[in-house]
> 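Sending over a structure as structure tokens; questions will come in a sec.
Owing to the predicted nature of the structure, the values given are computational and were not obtained by experimental measurement.
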Amino acid sequence: MQKIISIVIPIFNEEQNISLITERVISVLAGTKYDYELILVNDGSSDGSAVVIDSLTKNNSHIKSLELSKNFGKEAATSAGISAAVGDAVIMIDADLQHPPELIRQLVEKWEQGSDVVIGVRTKNKDADIIKKIGSFFYYKIINAISDTYIKSGSTDFRLLDRKVVNEFNRFTEHDRITRGLIDWLGFKREYVEFVADKRLKGKASYSKLKLVKLALDSSVSHSFFPLKIAGYLGTFIVSVFGIGGVIVFAELYLFDDYFKWHIAPIVQLAVLMIFLIGIVLTCLGLVAIYIGSIKSEVSNRPLYIVREKKNIK
Ligand code: UDP
Ligand code: MG
């Protein structure tokens, strides 16, 4: 049977881009041996996107659409599209043509060679200013230092997922989700394809810097409990340093003052004692954090493990 490739496109106020992206995607897919479907997810657009989508779906049965009841954000919109897709492979791509549709050929090629997840890696972003670039540099450094899933710097949402990855992805129930983070967490055989991100064609990016910071925070929090534990580490450090300091100060004061004659001022004694106590409080916070971390991991209810392939097992 002819295999199907699904293309998921999240759309938020992209009326000027939709026709062009669908046209370019279709011209790439029409040249392959696969059947295909395009799933346009209208994420509560307030411009004329709905009208454009409507006319496209009427004229071409390969084009399907999902209209969300309001703006839920790109992550939710992509998840909606992925769960509606029926293809043997699902490709997610931005509507603003920052992800060159022609790259789909290479994504599919790697998939044919046996990769389960093929990730578009941005080597250059013509739309990003220096602040965005520096931010993204540190984001990848930090996230890879604190989380157990490796994330290649420049990885984008432009990626292909094999059906078995899609099925696992659809099992996630967590709300604060970063689609690509979840996919990275899933593992499977990954391959990378590099591209240069073009400038957004029309309209303006809806992710402000503030939103990007929130996204970065969300994803670090969902990838790792390290931020939670910082207080605990700090506390342990303070307790050990000021514990030793306290022992020295008070031993000198009450036992060896006649010998050393340091005459430690009362305010120093008080300070050492206070900071030591603050350290204990922080250590306790760290303990609480460990419990919160375990509650979070239970609540987000991720699958315990993911099977990639079975042999001789039903
Ligand atoms: N998008 C969406 N919902 C939103 C914001 C964006 O579906 O609330 C879509 C948008 O239409 C585009 C993609 O997500 O197809 C990427 O958005 P954008 O270009 O604004 O982000 P950036 O290029 O900065 O990642
Ligand atoms: Mg964009």
Side-chain angles (χ1 to χ4, degrees), residues 72-76 78-79 117 119 131-132 134-157 168-188 190 207-250 268-306:
F72 283 95
K74 176 182 179 183
E75 309 302 324
T78 323
S79 294
V117 179
I119 301 170
I131 297 178
K132 259 193 179 175
I134 294 175
S136 128
F137 175 80
F138 282 108
Y139 169 74
Y140 286 109
K141 280 271 175 279
I142 293 172
I143 195 98
N144 278 323
I146 66 176
S147 91
D148 5 284
T149 359
Y150 170 71
I151 298 172
K152 196 176 165 95
S153 146
S155 297
T156 62
D157 278 327
E168 297 298 341
F169 180 81
N170 288 338
R171 287 168 58 196
F172 283 120
T173 53
E174 55 201 84
H175 282 231
D176 259 347
R177 59 169 59 195
I178 311 294
T179 313
R180 53 176 182 268
L182 292 180
I183 296 168
D184 290 330
W185 183 85
L186 280 174
F188 287 98
R190 290 187 263 172
Y207 279 100
S208 63
K209 294 211 171 63
L210 206 69
K211 254 186 169 172
L212 284 175
V213 169
K214 185 182 174 304
L215 208 63
L217 276 180
D218 267 1
S219 79
S220 348
V221 167
S222 75
H223 264 296
S224 137
F225 298 128
F226 182 75
L228 257 186
K229 293 180 185 156
I230 289 175
Y233 291 135
L234 192 65
T236 329
F237 174 74
I238 293 178
V239 165
S240 10
V241 171
F242 283 83
I244 295 169
V247 168
I248 293 173
V249 166
F250 288 100
V268 174
Q269 302 164 26
L270 192 65
V272 170
L273 190 66
M274 292 289 281
I275 298 176
F276 176 73
L277 291 179
I278 291 174
I280 290 187
V281 172
L282 283 176
T283 311
C284 294
L285 263 183
L287 280 180
V288 173
I290 292 174
Y291 285 97
I292 294 179
S294 93
I295 293 172
K296 183 179 181 303
S297 87
E298 290 298 333
V299 170
S300 55
N301 202 16
R302 290 194 187 170
L304 206 52
Y305 54 82
I306 307 286

> With sequence neighbours left out, write down each residue that passes side-chain contact (heavy atoms from CB on, under 4.5 Å) with Y233, or none if nothing qualifies.
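Checked Y233 against side-chain contact (heavy atoms from CB on, under 4.5 Å); matches are F226, K229.
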> List the atom pairs, donor and acceptor, that lie under 3.5 Å between side-chain atoms in residues 272-279 and the rest of the protein, sequence neighbours left out.
none

> Considering all heavy atoms of both residues, which atom of E168 and which atom of F188 are nearest to each other, and what is their separation?
CG-CZ, 4.0 Å
> CD1 of I238 to CD1 of I280: how many Å apart, nearest 0.5 Å?
11.0 Å
> Could you report the tightest heavy-atom contact between L282 and L234, atom names first, then the distance?
CD1-CD2, 3.9 Å
> To the nearest 0.5 Å, what is the distance between CZ (R171) and CG (L182)?
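Reported value, rounded in 0.5 Å steps: 13.0 Å.
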> Starting at CD1 of I119, measure out to CZ of R180 and round the result to the nearest 0.5 Å.
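If I round to the nearest 0.5 Å, the distance is 10.5 Å.
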> Would you say that T78 contacts D157 through its side chain, given a criterion of any heavy-atom pair below 4.5 Å between the two side chains?
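In short, these two side chains do not touch, never coming nearer than 4.5 Å.
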> Could you tell me which residues satisfy side chain to side chain donor-acceptor pair (under 3.5 Å) with S79, sequence neighbours excluded, listed by chain and number?
R177
> Excluding sequence neighbours, so at least two apart, what forms side-chain contact (heavy atoms from CB on, under 4.5 Å) with F250?
L253, Y254, Q269
> Measuring from I248:CD1 to I244:CD1, what's the distance to the nearest 0.5 Å?
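One finds 7.0 Å between CD1 of I248 and CD1 of I244.
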> What residues, two or more places apart in sequence or in another chain, satisfy side chain to side chain donor-acceptor pair (under 3.5 Å) together with S155?
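With sequence neighbours excluded, S155 shows a side chain to side chain donor-acceptor pair (under 3.5 Å) to no residue whatsoever.
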> With A289, which residues qualify under side-chain contact (heavy atoms from CB on, under 4.5 Å), at least two apart?
L228
> Could you give the distance from CG (L287) to OG1 (T236), rounded to the nearest 0.5 Å?
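Rounded to the nearest 0.5 Å, the CG-OG1 separation comes to 8.5 Å.
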